[in-house]
Student: 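Okay, handing you the structure first.
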There are 2 protein chains.
Amino acid sequence: MAAQSQYEELARQLSAIGAVKRGLARALPAHCPSGSAAALTLIDQHGEMRMSRLAELLAVDMSVTSRHVAHAAERGWIERSPDPADKRSRILRLTAAGQDMLGVLSQRSIDTLAHTLDDWSDDEVGELNVMLARLRHSFDCKARALPPHHDLDTRTPV
Amino acid sequence: MAAQSQYEELARQLSAIGAVKRGLARALPAHCPSGSAAALTLIDQHGEMRMSRLAELLAVDMSVTSRHVAHAAERGWIERSPDPADKRSRILRLTAAGQDMLGVLSQRSIDTLAHTLDDWSDDEVGELNVMLARLRHSFDCKARALPPHHDLDTRTPV
DNA sequence: TATTGTTATACTCTATAACTATA
DNA sequence: TATAGTTATAGAGTATAACAATA
């Protein structure tokens, strides 16, 4: 267990990390918003999969996943073939154009981070990666069990 | 300098950290979106300031800052008084209601993180905080110098 | 003329709910 | 009846550009 002030600080850091994400997003090619980029990356990493699995990996609602995938499919980066085992499902695969786009995406991320983190050692970046992965995992496991706030207490301090 | 694969991994981790941010945002009281929450936190942390300074701390455009502050001011959390030294400017201060709201916000962040990170030590959370702060700092310093992509190369792989 | 702040507009990401097609 | 996926709608965050007031 950490001190309360560490949690408050972490909340602030997470709130501010959006600026870093926007910095990376600015390097994306036109017509490839970060949502589509994330979908391409995950399909490349995990291989072909169904919509529901991708939604799980993206940690967003399937309706959101559907939009990102539709965007990528319209541009020829993702192919959606019918699943022979279940006619409701569709199997997602990267096309050759999708792999090309992924190459551009990777290179731009690398360029941006190599420039901004030029004074970070390999170990330091690796350590940050490990901790971010663990942070995500902790949330995946335990956040579901959190009772939603009903805001009954919001009225008191006003 | 880190290996390219570490940069690619960091880009993936940052892309996925949105799920954690959404987890924290779900604990926010109604009518206090994360943008307003961030504004309240920064004014509390740094004391009274002008719009332009807050925009700098939030690392977003001043038009965005203006919206967040207007939202908070409408609810009585922030007071905007004219700056005697420059009639174009407004000085931002937390009201008593704003400090109350801030107390609620802090407590909810602490509750959420204490629950999800219950197996993290104080040192581990502290180390993550340090690295996230350094990440932000690296971007603040160097991202401005990055040449914007003109997407001339996007046409090639298609 | 330049700067501070606001507003109008547009785009992206997200969730909920309604809907279809299939299981 | 339940599940996989799509679409419509709505809310939040952001940026650019046009604008008003002041420096």
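Throughout, a chain's letter reflects where its sequence line sits, starting with A, and its residues are numbered from 1.
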Student: Starting at atom CZ of A:Arg26, determine the distance to atom C1' of C:dC11, rounded to an integer number of angstrom.
Tutor: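 Spelled out: CZ on A:Arg26 to C1' on C:dC11 is 15 Å.
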
Student: Hey, which of these two, B:Arg67 or B:Met51, hits DNA chain C nearer its 5' end, going by closest nucleotide?
Tutor: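 This one resolves to B:Met51.
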
Student: Closest-nucleotide mapping onto DNA chain C: is A:Met62 or B:Val69 further toward the 5' terminus? I mean the 5' end.
Tutor: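 The residue whose closest nucleotide sits nearer the 5' end is B:Val69.
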
Student: Answer with base, sugar-phosphate or nothing: what part of the nucleic acid does B:Asp83 contact at a heavy-atom distance below 4.0 Å?
Tutor: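 No contact.
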
Student: Answer yes or no: does a side-chain N or O of A:His68 lie under 4.0 Å from OP1 or OP2 of C:dT14?
Tutor: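 Answer is yes, contact under 4.0 Å.
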
Student: Respond yes when some side-chain nitrogen or oxygen of B:Arg22 is under 4.0 Å from OP1 or OP2 of D:dG13, and no when none is.
Tutor: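 B:Arg22 to D:dG13 OP1/OP2: no side-chain N or O under 4.0 Å.
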
Student: Any donor-acceptor pair under 3.5 Å linking the side-chain atoms of B:Trp120 with those of A:Ser138?
Tutor: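 Indeed, the side chains of A:Ser138 and B:Trp120 share at least one donor-acceptor pair under 3.5 Å.
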
Student: With no hydrogens and no angle check, just 3.5 Å: does a side-chain donor-acceptor pair link A:Glu8 and B:Ser106?
Tutor: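 Distance-only check passes for A:Glu8 and B:Ser106.
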
Student: Would you state whether a donor and an acceptor, one from the side chain of B:Ser63 and one from the base of D:dT16, lie under 3.5 Å apart?
Tutor: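 Result: at least one qualifying N/O pair found.
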
Student: In this structure, how many angstroms lie between the P atom of D:dT22 and the NZ atom of B:Lys87, rounded?
Tutor: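 Answer to the nearest Å: 7 Å.
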
Student: To the nearest Å, give me how far apart CG (B:Asp86) and P (C:dA2) are.
Tutor: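 Rounded to whole Å, this separation is 17 Å.
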
Student: Is it true that B:Gln99 and B:Asp44 share a donor-acceptor pair across their side chains at a distance under 3.5 Å?
Tutor: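 No.
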
Student: Find the distance B:Ile17:CD1 to C:dT14:P and express it as a whole number of Å.
Tutor: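 Answer to the nearest Å: 14 Å.
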
Student: Between A:Arg88 (CZ) and D:dT1 (P), how many Å, whole number?
Tutor: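 Roughly 17 Å, once rounded to whole Å.
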
Student: Can you tell me if the side-chain N/O atoms of A:Ser34 get under 4.0 Å from OP1 or OP2 in C:dC13?
Tutor: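 Result: yes.
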
Student: Taking for each residue the nucleotide of DNA chain D with the nearest heavy atom, is it B:Asp61 or B:His71 whose nucleotide lies nearer the 5' end?
Tutor: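 Result: B:His71.
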
Student: Tell me what A:Val64 touches on the nucleic acid: a base, only sugar-phosphate, or nothing, going by heavy atoms under 4.0 Å.
Tutor: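 The residue A:Val64 makes base contact.
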
Student: Does a donor on one side chain and an acceptor on the other come within less than 3.5 Å for A:Asp123 and A:Ser121?
Tutor: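 The answer is no; no qualifying pair exists.
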
Student: Measure from CG on B:Leu24 to P on D:dA12 and round the result to the nearest Å.
Tutor: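 Those two atoms, CG and P, are 18 Å apart.
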
Student: Measure from CG on A:Leu58 to P on C:dT14 and round the result to the nearest Å.
Tutor: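 For the pair A:Leu58 CG and C:dT14 P, the rounded distance is 8 Å.
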
Student: Check whether any side-chain N or O of A:Ser52 sits under 4.0 Å from OP1 or OP2 of D:dG5, and answer yes or no.
Tutor: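 Yes, such a contact exists.
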
Student: Within this structure, what is the CG-to-P distance between B:Leu54 and D:dT14, rounded to whole angstrom?
Tutor: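 About 11 Å, once rounded to whole Å.
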
Student: Under the side-chain hydrogen bond (donor to acceptor under 3.5 Å, both in side chains) test against B:Asp111, which residue among B:His115, B:Gln107, B:Arg108 passes?
Tutor: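 That would be B:Gln107.
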
Student: Output yes when at least one side-chain N/O atom of B:Arg80 is less than 4.0 Å from OP1 or OP2 of C:dT6, else no.
Tutor: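 Result: yes.
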
